[in-house]
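Chain identifiers are assigned alphabetically (A, B, ...) following the order of the sequence lines, protein sequences preceding nucleic acid strands; residue numbering begins at 1 within each chain.
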Amino acid sequence: MPGLRRRSCRAFLLAGLVPVPLSLLLFSCYVIRPGQGGGQPGTRQDRKLNPEDIALPAGYRVEAIASGLTFPTAITFDDAGGIYAVEGGYAYGEEWGKPRLVKVMENNVFLPIAVGDSNGPWTGVSYQPSKARGPGRGFFYLAEGGQLHGGRILRIGMDGSTKALAENLPSYGDHHTNGPVPGPDGMLYFGQGTATNSGVVGPDNARFGWLARHRDFHDTPCRDITLAGMNYRSEDPFTPGGKRDAVATGAYSAFGTPTVPGQVVKGEVPCNGAIMRISPEGGKPELVAWGFRNPFALAFAPDGRFFALDNGYDERGSRPIWGAGELLWEIHQGTWYGWPDYSGPKGLDRAEFTPPHSGTTRRLLQNPADPPPPAPLAYLPVHASADGLDFSRSPEFGFRNNAFVAEFGDMAPSAGKVLEPVGFKIARVDMGRGVVEDFAVNRKGPGPASKLNSGGLERPVSLRFSPDGRSLYVVDFGVMGVSAKGPEPRRMTGVIWRIWKESVK
Amino acid sequence: MKTSSFLPLSAWVLSAWLLAGCAGRRSEPLRGSLDTSDPRIAHGQTVYMVECEKCHPGGDAGLGPSLNNKPLPGFLVRFQARHGLGAMPAFGKDELPSADLEDVAAYLKALRGNG
């Protein structure tokens, strides 16, 4: 009997204790489990609205104040608190339309203030109040993404009159001209994203659509750089006939153009992966900081410090990067922030950035940075696409001086595999501790409302506090599925949400 | 003997499968704010934000799997962090000192129990 008990005990241990951790680990395995991006098949194409489907901290409420917008990307307010929104006029998936600045009226009436041509996307807007100091008072300032004719910074009057303050910004690629926001010095600060994911033009850029339009386009550094001479072989998607040629492409070079070790690439301004500034009356852009990938959202904190959200690398293209988070940076004049060889202070040649079953990522620049780039203030989830940033200023809203972040949500599988949907929510960041907390999430689960068959958040792309600080307005881009063919954005599904603390409505 | 070992095995595998698939969300809007008055948990949270948050946001799944629904004991959490597994990289002592790793495990335990 004792022997039998020992055997039973051993059998139990083998049958139970060993398989439990093993099973947990196997079922958690990144390689074995299928990808479950938020936009992957299962996404509904229509849109329901039900604020009760959005969970918030105790005491907060949410309502939809406008719906039926097409690809909205930004919001701002005039002197009287009137609400204005930007419709992008372009979305990934090569969906084209006319970008618009509209005044948001009641009952989903949108009064056009200005309409652009097909050079979207319009990606951001700010209004400089009449009581502000400086020459730029009483105007809207917009970033025009410039997929066809290059990026521009536009100044638009209340009567719709439009003046280009900067033109021909290098914005034909994956990422666009973003912002702009007025700084405390009266200058306009704006971002310019990179042409590529990680410095090398490849077939992924052909899939975006822009490489066929601009075969010679590539990233331009802001300062002189020396290349390590890394080249990447890929298929040439423009080869006539069936079988595709192989070509080699180096960093900061046109598709099919190799580089050599020690090759110097001259820097110039305007450039890619940079934050620049310009006078509200126009003139040549000045460099503020560089080495970003896509500094989509810029904001000045209540204490005057300047911050940017930078979209992290994707696992795509000739130089795929794995596991690089979205970064919240404090911006300092003249600093280089690491693209294309770092994510935060860590070099991309570390194992943690190597895609499974791939070789080590090699650096593109010849000399490692000394000192390395600074540490970001906060890390946000890989592929969350952290695109909207503002700071709470009001004790009546609460979480004063916290940053609020709109997470557009993953673009898996195009941008890389994820095990569960990432993003599709509003986060807040305790700026003192760098702690990221959820603030507004879909109640039924992670992912966009269209995947959850709920009436909650879809793809939050921007947010801004009202001038009195009591309400947080969230711009929700609308439904965008992602199939094997790429992004599939859905028109007229954009929404503006308002969040407030119940006691102060 | 075979039957007696098959049953617990099946039960464990089924449980593990269900655990791996069920929601692990523990964030403030759904479960209320986490008590971080314990300095170890507060410190573990800040370390977690730098080293772990980007792949396991709020302890939930994202690029990597959920940690909130993994009832692994602390020593296994620490073992996996130190040695890596599959796609997850290993964190050396220079990058994640033992005291910090202990606090991360304490934070994860608190997070699992939140709400």
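- A side chain to side chain donor-acceptor pair (under 3.5 Å) with B:Lys54 is found for exactly one of A:Glu326, A:Glu352, A:His383, namely A:Glu352.
- How far CG of A:Leu377 is from CE of B:Met49: 12.5 Å, rounded to the nearest 0.5 Å.
- Proximity to chain B is limited to the backbone of A:Phe439, based on heavy atoms less than 4.5 angstrom apart.
- Both the backbone and the side chain of B:Pro29 come within contact range of chain A, with heavy atoms under 4.5 Å apart.
- The greatest number of non-hydrogen atom pairs below 4.5 Å with chain A, out of B:Pro57, B:Ala42, B:Gly62, is found for B:Gly62.
- Side-chain atoms of B:Arg25 and A:Pro446, non-hydrogen and from C-beta on, do get closer than 4.5 Å to each other.
- Remark: B:Glu95 engages A:Lys346 in a salt bridge, criterion side-chain N to carboxylate O under 4.0 Å.
- Atom CG in B:Leu34 sits 7.5 Å away from atom CD in A:Glu437 (nearest 0.5 Å).
- Chosen from A:Val435, A:Val441, A:Asp410, the residue pairing most often with chain B at heavy-atom distances under 4.5 Å is A:Val435.
- For a residue to count as touching a neighbouring chain, one of its non-hydrogen atoms must lie under 4.5 Å from one of that chain's; by this rule A:Pro356 touches chain B with the side chain only.
- Expressed to the nearest 0.5 Å, how far SG of B:Cys55 lies from CH2 of A:Trp322 amounts to 5.5 Å.
- Residue contact with chain B, scored on non-hydrogen atoms closer than 4.5 Å, involves the side chain of A:Val422 exclusively.
- The distance from the CG atom of A:Asp438 to the CZ atom of B:Arg26 is 13.0 Å, given to the nearest 0.5 Å.
- The pair B:Glu28-A:Arg428 meets the salt-bridge criterion, with a side-chain N (NZ, NE, NH1 or NH2) lying under 4.0 Å from an Asp/Glu carboxylate O.
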